[in-house]
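For reference, the structure is listed below as structure tokens.
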2 protein chains.
Amino acid sequence: MEGRPIRKKTSLTDSKNTRQDILDIAAKLFSQRGYNGTPLRDIADAVNMKAGSLYYHFDSKEQMVLEVFTLGIESIHNTVLERVKVLAKNSPTRSILVAAATGHLEALLEKGDYSSTSIRNFGQMPEPIKSKVMVIRDKYESLWRDWLSEGLRNGEIKEGIDLSIFRLTVLGALNRTLEWYRPGKHSVEQIAEMQIGFFWDGIANKKV
Amino acid sequence: MEGRPIRKKTSLTDSKNTRQDILDIAAKLFSQRGYNGTPLRDIADAVNMKAGSLYYHFDSKEQMVLEVFTLGIESIHNTVLERVKVLAKNSPTRSILVAAATGHLEALLEKGDYSSTSIRNFGQMPEPIKSKVMVIRDKYESLWRDWLSEGLRNGEIKEGIDLSIFRLTVLGALNRTLEWYRPGKHSVEQIAEMQIGFFWDGIANKKV
DNA sequence: GTCTATAAGGCGATAGAC
DNA sequence: GTCTATCGCCTTATAGAC
């Protein structure tokens with residue numbers, strides 16, 4: 001679940017806390033208004049600082065957003081792994097995918113400022129940042145690659161499925177959930193179960 | 001297919017052409033770099049104008065992007081309708097969904113600057129624009145609502161499926177295709193067929 | 001660690017010449 | 001219809017006081 005590590009607040013320095021506060025606010029605003037739509041002044045205001053003071057903690061706005069991206073993707077990666085690793089060894093692929101989808105949505109929807117920033121703003125980032133982010137994103141996607149190819153190997157997934165297109169389609173559907181999900185009617189677990197249900201079982205009525 | 005209507009270029013006024021050129025460039029840049037990441041100067045440069053001259057054709061940057069959004073969603077709507085209406089009456093729901101997905105992807109991926117702007121930038125727009133756009137977007141989504149509820153009614157879709165969540169999941173998957181599809185290996189028709197195949201038939205191996 | 005002050009340039013938008 | 005010129009404001013980032 002990865003709660004933020006507790007740090008003692010010494011009178012000598014609370015720099016780590018402040019840095020964390022800034023990143024939290026930045027992630028929230030970047031997610032809501034976009035990177036280019038969020039001036040440093042707004043971030044500073046929200047942590048009761050002047051814009052210039054941010055430069056004690058960060059070298060540039062780009063460094064800030066890169067850190068938000070990294071933590072965001074790592075958050076998804078870790079949450080998904082935690083959800084999956086509590087399953088019994090050799091669990092059916094369907095259960096693994098439901099657990100993974102639940103973790104993915106949990107990271108995205110419930111503790112989601114960092115991860116949603118990484119989903120929403122990636123396309124508009126300058127190339128050097130994109131390349132760095134793609135490395136860790138690809139590491140995360142490899143988890144899905146492995147689960148799916150194992151499912152195909154052991155016969156749980158039918159042959160003739162393009163696993164690459166499938167993976168991108170599932171992750172796309174999960175990521176877009178960010179744009180419409182509102183807490184209330186359904187829990188995140190329920191959404192994940194439904195969505196993987198569509199993909200695994202289909203919606204066709206086979207009784208006819 | 002909705003090619004742009006041909007206009008004669010009179011020596012008296014080619015204002016409609018210029019206006020269209022500006023919108024085309026704006027859509028392209030908004031889609032690639034985001035609304036807030038695209039200065040009017042860049043749009044003007046690309047049409048060999050000075051930034052101030054754009055105001056002869058548009059009242060504001062916001063008016064420009066609103067127009068791009070509107071045309072983008074209408075483009076998806078129209079392309080989807082064209083793909084579906086060539087089907088035989090009473091075609092199976094699966095065929096309708098494949099045709100609709102093909103049209104959706106076609107609008108998004110092949111003539112996509114307007115429609116991809118509307119997908120990528122919606123979340124970061126100010127509230128008044130969002131509300132206006134949601135009206136036409138909802139009209140488009142109603143097409144899917146109708147096809148799905150008809151499929152449920154006539155027994156092609158199995159009972160117990162939450163059609164609302166399903167619709168949002170499918171459209172989410174289609175919209176996210178924008179972020180990973182590259183022409184070459186597969187055509188847009190093939191991607192649509194595969195994606196609806198996942199959702200309709202599932203990927204589970206039922207022979208086991 | 002945070003402040004004030006400011007540099008240096010970019011932004012959307014307007015006015016008036018042509 | 002497009003230009004030049006400019007307004008007023010906002011932006012990221014830096015320098016030095018406290």
Side-chain angles (χ1 to χ4, degrees), chain A residues 7-30 32-69 117 121 124-129, chain B residues 7-30 32-69 117 121 124-129:
Chain A
R7 270 175 305 270
K8 39 182 175 254
K9 189 172 186 172
T10 72
S11 59
L12 199 60
T13 168
D14 50 0
S15 77
K16 292 243 181 55
N17 259 306
T18 305
R19 205 185 135 86
Q20 198 65 250
D21 290 347
I22 295 170
L23 272 183
D24 285 355
I25 295 289
K28 181 169 145 195
L29 296 182
F30 288 159
Q32 289 172 0
R33 308 183 206 161
Y35 174 71
N36 284 312
T38 307
L40 291 179
R41 167 188 299 272
D42 287 7
I43 297 170
D45 282 354
V47 288
N48 294 313
M49 265 191 188
K50 301 299 169 181
S53 309
L54 297 173
Y55 285 84
Y56 176 81
H57 302 276
F58 299 91
D59 291 340
S60 68
K61 195 185 175 189
E62 282 203 0
Q63 192 212 322
M64 265 181 56
V65 79
L66 176 58
E67 209 152 325
V68 171
F69 268 87
T117 293
N121 290 276
Q124 301 172 9
M125 299 309 298
E127 203 48 62
I129 293 203
Chain B
R7 272 174 302 271
K8 39 183 175 251
K9 190 170 186 172
T10 73
S11 60
L12 199 59
T13 169
D14 52 359
S15 79
K16 291 242 182 54
N17 259 306
T18 305
R19 204 185 137 85
Q20 198 65 251
D21 290 346
I22 295 170
L23 273 183
D24 284 355
I25 294 289
K28 181 168 144 195
L29 295 182
F30 289 158
Q32 289 172 0
R33 309 183 206 160
Y35 175 72
N36 284 312
T38 307
L40 290 179
R41 168 187 299 272
D42 287 7
I43 297 171
D45 282 356
V47 287
N48 293 313
M49 264 191 189
K50 300 299 169 180
S53 309
L54 297 173
Y55 285 84
Y56 175 81
H57 303 276
F58 299 91
D59 291 339
S60 68
K61 194 184 176 189
E62 283 202 0
Q63 191 211 323
M64 265 181 57
V65 78
L66 176 59
E67 210 152 325
V68 171
F69 267 87
T117 293
N121 290 276
Q124 303 172 10
M125 300 309 296
E127 202 48 61
I129 294 204

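Atom set for the values below is all heavy atoms of this structure, side chains included, hydrogens, waters and symmetry mates excluded. Below, chain A is the first sequence line, B the second, and so on; all start at residue 1.
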If you check every side-chain atom of Y55(A), which of dT4(C), dT12(D), dT2(C) has the closest atom? dT12(D)
Of all the choices, dT2(C), dT2(D), dC11(C), which nucleotide is nearest to the side chain of M49(A) once you look at every atom? dT2(C)
Let me know the distance between CG of N36(B) and P of dC11(C), rounded to the nearest Å. 12 Å
Rounded to whole Å, how long is the line connecting atom CG of D42(B) with atom C1' of dG12(C)? 13 Å
Whole angstrom value for the distance that separates P of dA13(C) from NE2 of H57(B): 16 Å
Main chain of V47(A), side chain of D21(A): is a donor-acceptor contact present, judged purely on distance under 3.5 Å? no
Per L40(B) side chain, nearest of listed nucleotides dG12(C), dA13(D), dC3(C): dG12(C)
Whole-Å gap separating P (dA13(D)) and CE (M64(A)): 10 Å
Expressed as a whole number of angstroms, how long is the span from D45(A):CG to dC3(C):P? 11 Å
Could you state the atom-to-atom distance from CG of L29(B) to P of dC11(C) in whole Å? 12 Å
OP1 or OP2 of dT11(D) under 4.0 Å from side-chain N/O of T38(A): no
K50(A) NZ to dG16(D) C1', in whole Å, measures 18 Å
Check step by step if side-chain contact (heavy atoms from CB on, under 4.5 Å) holds for T117(A) and Y35(A). CA-CA 8 Å; T117(A) 293; Y35(A) 174 71; over 6 Å; no
Interatomic distance where CG belongs to L54(B) and P belongs to dT14(C) [whole Å]: 13 Å
Return the CD1 to CD1 distance between I43(A) and I22(A), rounded to the nearest 0.5 Å. 9.0 Å
Checking T38(A) side chain against R33(A) main chain: does a donor-acceptor pair fall under 3.5 Å? no
Nearest of dT2(D), dC11(C), dC3(D) to any side-chain atom of Y56(B)? dT2(D)
Proximal nucleotide (of dT2(D), dA13(C), dC3(C)) relative to the T18(B) side chain: dT2(D)
So does K61(A) have more than 12 non-hydrogen atoms from other groups sitting under 6.0 Å from NZ? yes
Would you indicate, yes or no, if dG12(C) has its OP1 or OP2 atom less than 4.0 angstrom from a side-chain nitrogen or oxygen of K61(B)? yes
Using heavy atoms to find the nearest nucleotide of DNA chain D for S60(A) and A51(B) separately, return the residue whose nucleotide is more 5′. A51(B)
